[in-house]
Chemist: 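Please find one structure pasted underneath; my questions will follow.
Computation of the quantities below employed the complete heavy-atom set of this structure, encompassing side-chain atoms and omitting hydrogens, waters and symmetry-equivalent molecules.
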Amino acid sequence: MQNDAQPRGVVVVGSFNVDHVWTLDALPLPGETRAGRYASGPGGKGFNQAMAAARSGVPTRFICALGDDSGGQLARVLAVADDIDLRDACSDAPTGTAGIVVDAQGRNAIVVAAGANSALEAAHVEHSLAAGPAPAVVVAQLETPRDAAMAAFATVRVSGALALLNPAPANVPVDTALLGMVDVLTPNETEFVAMLRSQAGSVIDAALLPTMAAVELDALCRLLLPHGTVVVTLGAAGCFISHAPASPRGDAQQAYRLPAFPVTAIDTTGAGDAFTGALAASIARFPASPFRLHARYAGAFAGLSTESPGAALAMPRFADVRARFPDLTGPFA
């Protein structure tokens, strides 16, 4: 088993946003005005995942596009502070932004304006990957152009890196060409049912997933990614893992559920990103461990992230997770 000495790293290709967050008692109804408290901070699915990977103790490179503005400067300052190797393309568009409303239960509603994120080009991704050491895991999402993710996965395929796609946000379609390059897929409930609708014509109620029979949920996962691993994150219900039968990634079971860790959530913004980034980091840091242990660490990391407000800055650190959840086993003990 590989130890902490010199893990291969994680590369995240994706978005950076400046988050504008309003916290209030209940999410507004259509046409309703409510009073709330305001804060601003860093986010974006890509940057959240990069922060999660870096704070999990692995070398992390973040490839993105930023505006020539205060938001872009914020990203650069934060990357230095957390030792993230930032490879940004400067865009004429403003740095991406997001408006987030969080209620008293930690639930959220989010609107994103892509800005510079939409200008991330495949050529910049390819150049930035070539400029550093070969990673163990490459992560992409869909808040930046599809071609950027395709370029990332294609470029590192020859080095044997694992390709991990977080298919978010749910309203962005995922085509079969991109899925064909993916080793691990990490949708939440909404993203999972959206993909089933677009890829297989299956209409499933997301609310049924936490209690669906494992054999049925596994069959749906196999529809989406026959050759790889699907991890459906289910919030307080934990997650469901489905491997391709020929490649269980060191697990004794081909498909199974893992429960969530007990937490007191105050803000779930970025929890899915926390899971994805921590999962990538764990795979890179402990490559010989069974996938189940990577998913348990990711679940603990994501749970702990919800106990702090915000997105990127709410990401805990490896030592914090071990201290908070001493029952983690294997390489995390």
Side-chain angles (χ1 to χ4, degrees), residues 15 17-49 51-52 96-113 141-143 166-172 186-197 204-212 231-240 257-279 298-316 321 324-325:
S15 56
N17 292 326
V18 178
D19 289 346
H20 301 276
V21 185
W22 291 265
T23 304
L24 56 165
D25 292 338
L27 299 179
L29 298 173
E32 182 182 24
T33 299
R34 302 186 70 91
R37 300 179 302 279
Y38 171 78
S40 180
K45 290 188 173 297
F47 192 68
N48 294 342
Q49 292 166 8
M51 286 285 278
T97 55
I100 303 171
V101 181
V102 182
D103 72 7
Q105 286 74 50
R107 298 172 299 184
N108 61 66
I110 304 174
V111 178
V112 176
Q141 336 73 38
L142 302 173
E143 284 187 334
N166 177 225
N171 64 323
V172 179
T186 60
N188 66 15
E189 309 103 303
T190 304
E191 294 148 7
F192 184 69
V193 298
M195 291 182 69
L196 284 170
R197 187 179 301 110
I204 305 293
D205 184 351
L208 299 178
L209 297 182
T211 57
M212 184 177 289
V231 183
V232 186
T233 57
L234 300 168
C239 67
F240 181 81
R257 293 181 183 273
L258 288 178
F261 283 77
V263 296
T264 303
I266 64 169
D267 186 354
T268 59
T269 306
D273 301 329
F275 186 98
T276 292
L279 180 67
F301 188 102
L304 188 54
S305 77
T306 70
E307 294 191 336
S308 299
L313 297 183
M315 300 300 160
V321 177
R324 179 70 164 76
F325 301 109

Chemist: May I ask you to test the Thr269-Val102 pair for a side-chain heavy-atom distance under 4.5 Å?
Modeler: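 When only atoms from C-beta onward are counted, Val102 and Thr269 do touch, with a gap below 4.5 Å.
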Chemist: Do Pro316 and Phe301 come within less than 4.5 Å of each other through their side chains, counting heavy atoms only?
Modeler: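 Side-chain contact under 4.5 Å: yes.
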Chemist: Ignoring hydrogens and geometry, is there a side-chain-to-backbone donor-acceptor pair from Glu191 to Asn188 under 3.5 Å?
Modeler: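 A pair under 3.5 Å: yes.
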Chemist: Quick check: closest heavy atoms across Gly310 and Asp267, and the distance to 0.1 Å?
Modeler: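 The pair with the smallest heavy-atom distance is N-OD2, 3.0 Å.
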Chemist: Compare every heavy atom of Ala168 with every heavy atom of Lys45, then report the nearest pair and how far apart it is.
Modeler: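 Result for this residue pair: CE-CB, 3.4 Å.
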Chemist: For Thr186, which of Val232, Thr276, Asp273 qualifies under side-chain contact (heavy atoms from CB on, under 4.5 Å)?
Modeler: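 Result: among Val232, Thr276, Asp273, Thr276 is the only option passing the side-chain contact (heavy atoms from CB on, under 4.5 Å) with Thr186.
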Chemist: In terms of the angle between their ring planes, are Tyr38 and His20 parallel, tilted or perpendicular, with boundaries placed at 30° and 60°?
Modeler: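 Correct class here is parallel.
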Chemist: Could you state the interatomic distance from CD (Gln105) to CD1 (Ile266), rounded to the nearest 0.5 Å?
Modeler: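 Gln105 CD to Ile266 CD1: 13.0 Å, rounded to 0.5 Å.
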Chemist: Do Val172 and Glu143 have side-chain heavy atoms sitting under 4.5 Å apart?
Modeler: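 No, every pair of side-chain atoms sits at 4.5 Å or beyond.
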Chemist: Determine the minimum heavy-atom distance between Ala170 and Ala194, stating which atoms define it.
Modeler: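 Of all heavy-atom pairs spanning Ala170 and Ala194, the closest is O-CB, 3.7 Å.
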Chemist: Which heavy atom of Ala298 sits nearest to which heavy atom of Phe275, and what is that distance?
Modeler: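 Closest pair (atom of Ala298, atom of Phe275, distance): CB-O, 3.4 Å.
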Chemist: Can a side-chain donor-acceptor contact be found between Asp19 and Ser40 if the only test is distance below 3.5 angstrom?
Modeler: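 The answer is no; no qualifying pair exists.
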Chemist: Working to the nearest 0.5 Å, report the span between CD1 of Ile110 and CD1 of Ile100.
Modeler: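 That separation rounds to 4.5 Å.
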Chemist: Would you find more than 12 non-hydrogen atoms of other residues, nucleotides or ligands less than 6.0 Å from Asp25 atom CG?
Modeler: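 No - once you tally the heavy atoms of other residues, nucleotides and ligands closer than 6.0 Å, there are 12 at most.
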Chemist: Could you report the tightest heavy-atom contact between Cys239 and Thr233, atom names first, then the distance?
Modeler: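 Closest approach of Cys239 to Thr233: CB-CA, 4.1 Å.
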Chemist: I'd like to check Phe325 versus Leu304 (side-chain heavy atoms, cut-off strictly below 4.5 Å). Are they in contact?
Modeler: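 Phe325 reaches Leu304 side chain to side chain.
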Chemist: Indicate yes or no: at least one non-hydrogen side-chain atom of Val101 is less than 4.5 angstrom from one of Arg34.
Modeler: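 Not in contact.
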Chemist: Would you say the side chain of Met315 lies within less than 4.5 Å of the side chain of Asn48, judging by non-hydrogen atoms?
Modeler: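 Asn48 reaches Met315 side chain to side chain.
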Chemist: How would you list, by chain and number, every residue that makes a salt bridge (charged side-chain N to carboxylate O under 4.0 Å, His left out) with Arg324, sequence neighbours excluded?
Modeler: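 With sequence neighbours excluded, Arg324 shows a salt bridge (charged side-chain N to carboxylate O under 4.0 Å, His left out) to Glu307, given in chain and number order.
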Chemist: Are the side chains of Asn108 and Thr268 in contact, using a 4.5 Å heavy-atom criterion?
Modeler: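 With C-beta onward as the side chain, the pair touches.
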Chemist: Restricting to non-hydrogen atoms, name the atom on Gly235 and the atom on Glu189 that form the minimum distance, rounded to 0.1 Å.
Modeler: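 Of all heavy-atom pairs spanning Gly235 and Glu189, the closest is N-OE2, 4.3 Å.
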Chemist: Any side-chain heavy atom of Phe192 within less than 4.5 Å of one from Leu209?
Modeler: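 In short, these two side chains touch, coming nearer than 4.5 Å.
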